[in-house]
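In what follows, a structure is listed as structure tokens, so that the remarks can point back to it.
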There are 2 protein chains.
Amino acid sequence: MEILTPAEENYLKTIFKLTESDGGKAASTNAIAAVLGTAAASVTDMLKRLSAKGLLHYEKHRGASLTERGNELATNLVRRHRLWETFLVMKLGFSWDAVHDIAEQLEHVQSSELVERLDAFLDRPKFDPHGDPIPDTKGRMASRKQVQLSALAVGEKAVVVGVQESQASFLQYLDRVQISLGAALQVLEQFDYDGSMRVAVQGKDEYTFSQKVCENLYVQKTK
Amino acid sequence: MEILTPAEENYLKTIFKLTESDGGKAASTNAIAAVLGTAAASVTDMLKRLSAKGLLHYEKHRGASLTERGNELATNLVRRHRLWETFLVMKLGFSWDAVHDIAEQLEHVQSSELVERLDAFLDRPKFDPHGDPIPDTKGRMASRKQVQLSALAVGEKAVVVGVQESQASFLQYLDRVQISLGAALQVLEQFDYDGSMRVAVQGKDEYTFSQKVCENLYVQKTK
DNA sequence: ATGTTTTTTTAGGCTTGGCTAAAAATATTT
DNA sequence: AAATATTTTTAGCCAAGCCTAAAAAAACAT
Ligand SMILES: [Mn+2]
Ligand SMILES: [Mn+2]
Ligand SMILES: [Mn+2]
Ligand SMILES: [Mn+2]
């Protein structure tokens with residue numbers, strides 16, 4: 001089993017997420033560069049190397065997509081990231097907006113035994129603190145029929161099950177308005193003008209959420 | 001607070017241990033190279049760089065010793081290493097011979113908040129699974145009046161409190177002869193010929209330990 | 001279809017942290 | 001005090017991963 005450098009792993013994970021969210025299409029050089037915060041030229045460099053290692057398909061000017069093997073490795077990295085985030089929140093008491101950067105480091109520790117024991121220690125969690133599913137050893141993960149809050153109609157009730165983007169600033173905003181995973185909502189009103197919504201949060205106040213917020217919140221309908 | 005690379009941190013830690021065990025004398029290029037498994041030339045290179053950063057005193061041909069600042073950083077790295085080892089044994093159920101290599105990776109994760117919370121989660125342990133003291137945030141650590149088992153006279157009783165070298169092979173040997181931290185011993189016989197000792201282990205069998213074993217076991221005398 | 005803009009690649013360079021081989025300095029024998 | 005052996009440094013090289021600037025390709029507009 002080949003050992004990858006942290007940089008290589010990060011490229012795989014980035015391509016994994018880009019292609020996943022964009023329905024299987026190849027990830028563009030610029031998109032990868034934007035996510036990783038590197039120059040596009042550096043990305044081209046790395047794509048050649050990872051392609052030579054058989055981890056991704058790459059043809060000049062038409063972006064990259066993962067091979068079977070690349071996908072396995074990327075999925076496993078996602079598994080490690082989400083397990084560490086879960087550990088940091090559940091065991092060390094971090095808040096959900098503080099764990100991403102630390103997990104970015106911890107995910108690169110190489111030891112399958114460690115990951116396995118961590119998983120067991122956490123009672124094999126299915127979702128991370130942001131509601132994202134944690135792949136198992138074989139790469140399988142729970143899927144949930146979640147929709148964006150913005151997709152609900154007036155009157156519908158739902159429970160918050162995840163966030164689309166988990167930057168600290170968004171998570172801190174959610175904390176401020178007392179929204180966490182599991183929060184029960186009902187849509188009271190929807191404004192076509194700017195896509196904002198007035199929402200009742202069970203046991204809390206009513207809030208008007210901007211379109212951006214509504215699109216970043218994943219919910220599951222309830223009756 | 002400067003951020004060091006894993007390589008830089010490892011050099012500091014190595015020099016820390018070499019100078020500590022050798023009573024404050026400078027660490028030689030070759031000794032450092034031997035511990036790190038690198039070529040001597042690479043060490044010379046790094047010593048120049050770390051010296052330029054003010055982390056160690058280095059003069060050509062006369063080895064290296066840590067500055068105040070270098071010592072602080074090295075001590076903090078040792079703290080992280082030993083806390084992670086403790087975590088792996090106490091929380092994840094690893095055996096004491098399996099944790100060193102993983103801790104070598106975990107120790108480089110940069111987050112003082114993480115270390116602080118880990119310390120609290122473990123109930124601020126004073127010693128790691130090998131009996132080595134864990135420095136606190138300020139670098140202070142418990143010291144114990146421990147002696148090598150080889151220093152005991154026939155008839156004396158003692159309790160095992162640590163090991164000098166904690167390579168897996170030695171720890172596995174100890175497991176085989178059912179010695180762990182806290183084991184109560186009594187010296188039955190000592191052979192001048194090869195420095196070996198016959199020892200009674202409370203509740204277990206009697207064993208004859210080689211000089212090498214006796215020098216690598218730290219004990220505290222009891223009556 | 002041609003020109004313009006955007007994206008991607010190439011070319012050349014830099015730092016880190018390694019290496020080997022040869023030279024120089026230090027230590028040990030004789 | 002030489003001669004020899006050991007240790008350390010220098011010199012020159014390399015790969016990974018980044019960079020900027022320029023060239024080339026692709027996409028978009030007119
Ligand atoms: Mn994350
Ligand atoms: Mn997450
Ligand atoms: Mn260790
Ligand atoms: Mn230890």
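So that the names make sense, note that chain A is the first sequence line, chain B the second, and so on, each numbered from 1. These figures come from a predicted structure and were not determined experimentally.
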Checklist outcome for this item: Whole-Å distance, A:K60 NZ to C:dT9 P, equals 8 Å
Checklist entry - So which nucleotide from D:dG17, C:dT9, C:dT26 ends up closest to the side chain of B:H61? => result C:dT26
Checklist entry - Does the distance from a Lys or Arg side-chain N to an Asp or Glu carboxylate O, for A:E9 and A:K13, drop under 4.0 Å? => result no
Next on the checklist: What is the separation between atom CE on B:M46 and atom P on D:dT8, rounded to the nearest whole Å?
Outcome noted: 18 Å
Next on the checklist: Does a side-chain N or O of A:R49 approach OP1 or OP2 of D:dA16 to a distance below 4.0 Å, or not?
Outcome noted: no
Item to check | Residue A:T29, side-chain heavy atoms: nucleotide from D:dT7, C:dG17, C:dT8 that is nearest | outcome: C:dT8
Next on the checklist: What is the separation between atom CZ on A:R62 and atom P on C:dT7, rounded to the nearest whole Å?
Outcome noted: 17 Å
Item to check | A:T44 side-chain N/O to C:dT9 phosphate OP1/OP2 under 4.0 Å | outcome: yes
Checklist entry - C:dT6 phosphate, OP1 or OP2: any side-chain N/O from A:N30 under 4.0 angstrom? => result no
Next on the checklist: For a quick test of reading the model: is some side-chain N or O of A:K48 closer than 4.0 Å to OP1 or OP2 of C:dT9?
Outcome noted: no
Checklist outcome for this item: Rounded to whole Å, NE2 of B:H108 lies from P of C:dT16 at a distance of 18 Å
Next on the checklist: For B:V43, run the side-chain contact (heavy atoms from CB on, under 4.5 Å) check against B:I32, B:T14, B:V35 and tell me which one passes.
Outcome noted: B:I32
Checklist entry - So B:W84 and B:F87, would you call those rings parallel, tilted or perpendicular, with 30° and 60° as cut-offs? => result perpendicular
Item to check | Whole-Å distance separating the CG atom of B:D45 from the P atom of C:dG17 | outcome: 10 Å
Next on the checklist: Considering every strand and a 4.0 Å limit on heavy-atom distances, what is the contact class for B:T38: base, sugar-phosphate, or nothing?
Outcome noted: sugar-phosphate
Checklist entry - What is the nucleic acid contact for A:A7, judged by heavy atoms within less than 4.0 Å: base, sugar-phosphate only, or nothing? => result sugar-phosphate
Checklist entry - Which ring-ring contact (aromatic ring centres under 6.0 Å, His included) pairs, counting each pair once, include a residue from residues 98-138 of chain A, with sequence neighbours left out? => result A:H81-A:H100
Item to check | Atom pair distance, as rounded to whole Å: CD in A:E59 and P in C:dT9 | outcome: 11 Å
Checklist outcome for this item: In whole angstroms, the gap separating C1' of C:dG17 from CG of B:L4 amounts to 14 Å
Checklist entry - In whole angstroms, how far is the C1' atom of D:dG17 from the OH atom of A:Y11? => result 7 Å
Checklist entry - Looking at the side chain of B:S42, which of C:dT7, D:dC18, C:dG18 is the nearest nucleotide? => result C:dG18
Checklist entry - Which part of the nucleic acid, if any, lies within reach of B:G37 when heavy atoms closer than 4.0 Å are counted: base, sugar-phosphate only, or nothing? => result sugar-phosphate
Checklist entry - Should A:R69 and A:E72 be marked as a salt bridge (Lys or Arg N to Asp or Glu O under 4.0 Å) after you check the CA-CA gap, both sets of side-chain angles, and the distance that decides it? => result CA-CA 5 Å; A:R69 185 76 191 116; A:E72 268 177 41; 2.5 Å; yes
Checklist entry - Taking the side chain of A:A41 as heavy atoms from C-beta outward, which of D:dC18, D:dC19, D:dT9 is closest to it? => result D:dC19
Item to check | From C:dG17, D:dT9, D:dT20, nucleotide with atom closest to B:Y58 side chain | outcome: D:dT9
